[in-house]
Number of protein chains: 2
Amino acid sequence: MTETSATAQGATAGKPRTRIQRRNRELILEAALQVFSQYGFRGATLDQIAAEAGLSKPNLLYYFPSKEAMHEALLQTLLETWLDPLRALDPQGAPLEEILAYVRRKLELARDYPRESRLFANEILQGAPRILPYLESDLRELVAQTCVIIRGWTAEGRLAPVDPVHLIFSIWALTQHYADFEVQVTAVLGEGDPFEAAGAHLDVMFRRMLTP
Amino acid sequence: MTETSATAQGATAGKPRTRIQRRNRELILEAALQVFSQYGFRGATLDQIAAEAGLSKPNLLYYFPSKEAMHEALLQTLLETWLDPLRALDPQGAPLEEILAYVRRKLELARDYPRESRLFANEILQGAPRILPYLESDLRELVAQTCVIIRGWTAEGRLAPVDPVHLIFSIWALTQHYADFEVQVTAVLGEGDPFEAAGAHLDVMFRRMLTP
DNA sequence: GTCTATATCACGATAGAC
DNA sequence: GTCTATCGTGATATAGAC
């Protein structure tokens, strides 16, 4: 088994090599995201995903060993990118503008990747069986660090007094709502993009909340 | 078929008569709420619900004609009580206090009936297949009426200028978050009741947002 | 009214032809 | 690599004994 002659075993050992393999893998993950984000892991079926991807059901299982593996692949890439904006908070920056920028980035994520947001929501609603350890370790630690930054800003009088953890929860809730409850938002507002008005609204609200 | 001799046909035609029937119906709905709110309609199974209720699977289907019927019964009672707090907004009252009272009631609902909140969230995430007409008619109308009240308060200078629809969305998002994302909230905060701190936080935040 | 037993079907996953 | 055919399981719902 040399490096040069080794081909992917079932396309799952190692990264896919050929263009077609990469393309089909992406097709499957795209279809899986569509279905998992709507129905959750248990409510989703391979038939749906196969139809959505335009591939046969056994072909799906050639690229991924199981339904569970598809779901895990999606969750992993999600978690890698999900909290980056929070990490980008700069303690040296202007407090209010830093937080407003974070709100804007989160709202852009909700607008541009609503299915990823709903995938996460489904996972949490079902009790986070697959990512609870991550929530209790990495996420918790990241939130704790961010709280230190926020408390520092408040102590310096550059930010209105606020419960830092619940401020973070508030930002998550307000931005993800537009992705997770998109159907309800649209039903109430009628047609048209709600994100522009939402952005303006959140900008004003957080300014009032946090201006010292 | 007289009134006096008519007994429930399959216990589904008309309201249940005996104490046992009422109790079993409640047992089933309680168990169904537990399971549907976690896994959504498609992810839930009758086996789970039966086990949760301590009844046999066929016995479930004696009280309800189908899985769908259980789900519909839950959604119906949910919708009847879900928006009552919004209806309680009094145009004659003190604007800020009226809105803060609504926030508090919604947060109490999230604390006392988190499964109902998650049942609703699941339904919306799946595209609201069963309640979309309701959202587009009753809910939309109720929101429109509430917006008139809020705009009136703002015009009188008794409330800071605000986008009324997105203010309502914000209230929903911030309060339901503590029920729908309870697992995440607990994972980040550690043990202990998050609702007390959440209530204080939201009270302060909305005061700053809405004080003229 | 409640159970055991079962009909019927859809699901995830596998076998094997090509 | 991709397909058709199929296995075994678990799903909803029904039949019929008690």
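The chains referred to below are lettered A, B, ... by the order of the sequence lines, with proteins before strands, and numbering in each begins at 1. Quantities reported herein were computed from a predicted structural model and do not represent experimental measurements.
- For residues 44-64 of chain B, the set of pairs meeting the salt bridge (Lys or Arg N to Asp or Glu O under 4.0 Å) definition, not counting sequence neighbours, comprises B:Asp47-B:Lys57.
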Protein proximity profile, nucleotides 11-18 of chain D - base contact B, sugar-phosphate-only contact S, no contact -, cut-off 4.0 Å on heavy atoms: SBBB----
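- Annotation: salt bridge (Lys or Arg N to Asp or Glu O under 4.0 Å) contacts of A:Asp193 (sequence neighbours excluded): none.
- Sorted by first and then second residue, the pairs that involve residues 107-133 of chain A and meet ring pair (Phe, Tyr, Trp, His ring centres under 6.0 Å), not counting sequence neighbours, are A:Trp82-A:Phe120.
- For A:Ser56, the listed nucleotide lying nearest its side chain is D:dC3; candidates were C:dG1, C:dT2, D:dC3.
- Among pairs with a residue in residues 176-201 of chain A, those fulfilling ring pair (Phe, Tyr, Trp, His ring centres under 6.0 Å) read A:His177-A:Phe181, A:Tyr178-B:His166, A:His201-B:His166, at least two apart in sequence or across chains.
- Rounded to whole angstrom, the span from the CG atom of A:Leu55 across to the C1' atom of D:dC3 amounts to 11 Å.
- When the local axes at the two ends of the helix from C:dG1-D:dC18 to C:dC18-D:dG1 are compared, using 5 base pairs at each end, they differ in direction by 10° after rounding to 10°.
- Scanning for side chain to side chain contact (heavy atoms under 4.5 Å, CB included) contacts around B:Val143 gives A:Val188, B:Leu139, B:Cys147, B:Val165, B:Ile168, B:Trp172, with sequence neighbours left out.
- Separating the CD atom of A:Gln48 from the P atom of C:dA10 is a distance of 13 Å, rounded to the nearest angstrom.
- Of the residues in residues 27-34 of chain B, not one places a heavy atom less than 4.0 Å from an atom of DNA chain D.
- For residues 174-186 of chain B, every residue pair satisfying the salt bridge (Lys or Arg N to Asp or Glu O under 4.0 Å) rule, not counting sequence neighbours, is listed here: B:Arg118-B:Glu182.
- Legend: salt bridge (Lys or Arg N to Asp or Glu O under 4.0 Å) pairs involving residues 73-90 of chain A, not counting sequence neighbours, sorted by first then second residue: A:Asp84-A:Arg87.
- For B:Glu68, the salt bridge (Lys or Arg N to Asp or Glu O under 4.0 Å) partners are B:Arg130, not counting sequence neighbours.
- Rounded to whole angstrom, the span from the CG atom of A:Leu60 across to the C1' atom of D:dT2 amounts to 12 Å.
- With respect to the salt-bridge test (charged N to carboxylate O, under 4.0 angstrom), the residues A:Glu97 and A:Arg207 qualify.
- The OH-C1' distance, from B:Tyr63 to C:dC3, rounds to 13 Å in whole Å.
- In this entry the distance linking CG of B:Asn59 with P of C:dT4 reads 11 Å, nearest Å.
- Side-chain contact, B:Glu141 with B:Gln145: a donor N or O sits under 3.5 Å from an acceptor N or O.
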Using atom types as modelled, flag every donor-acceptor pair under 3.5 Å from a side chain in residues 31-42 of chain A to any protein atom, sequence neighbours excluded.
residue : atom : partner  : partner atom : Å
A:Gln34 : OE1  : A:Arg115 : NH1          : 2.7
A:Ser37 : OG   : A:Leu33  : O            : 2.7
A:Ser37 : OG   : A:Gln34  : O            : 3.2
A:Gln38 : NE2  : B:Gln126 : O            : 3.2
A:Arg42 : NE   : B:Gly43  : O            : 3.1
A:Arg42 : NH2  : B:Gly43  : O            : 2.6
A:Arg42 : NH2  : B:Gln48  : OE1          : 2.7

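- For the pair A:Arg19 CZ and D:dG1 C1', the computed distance is 16 Å after rounding to whole Å.
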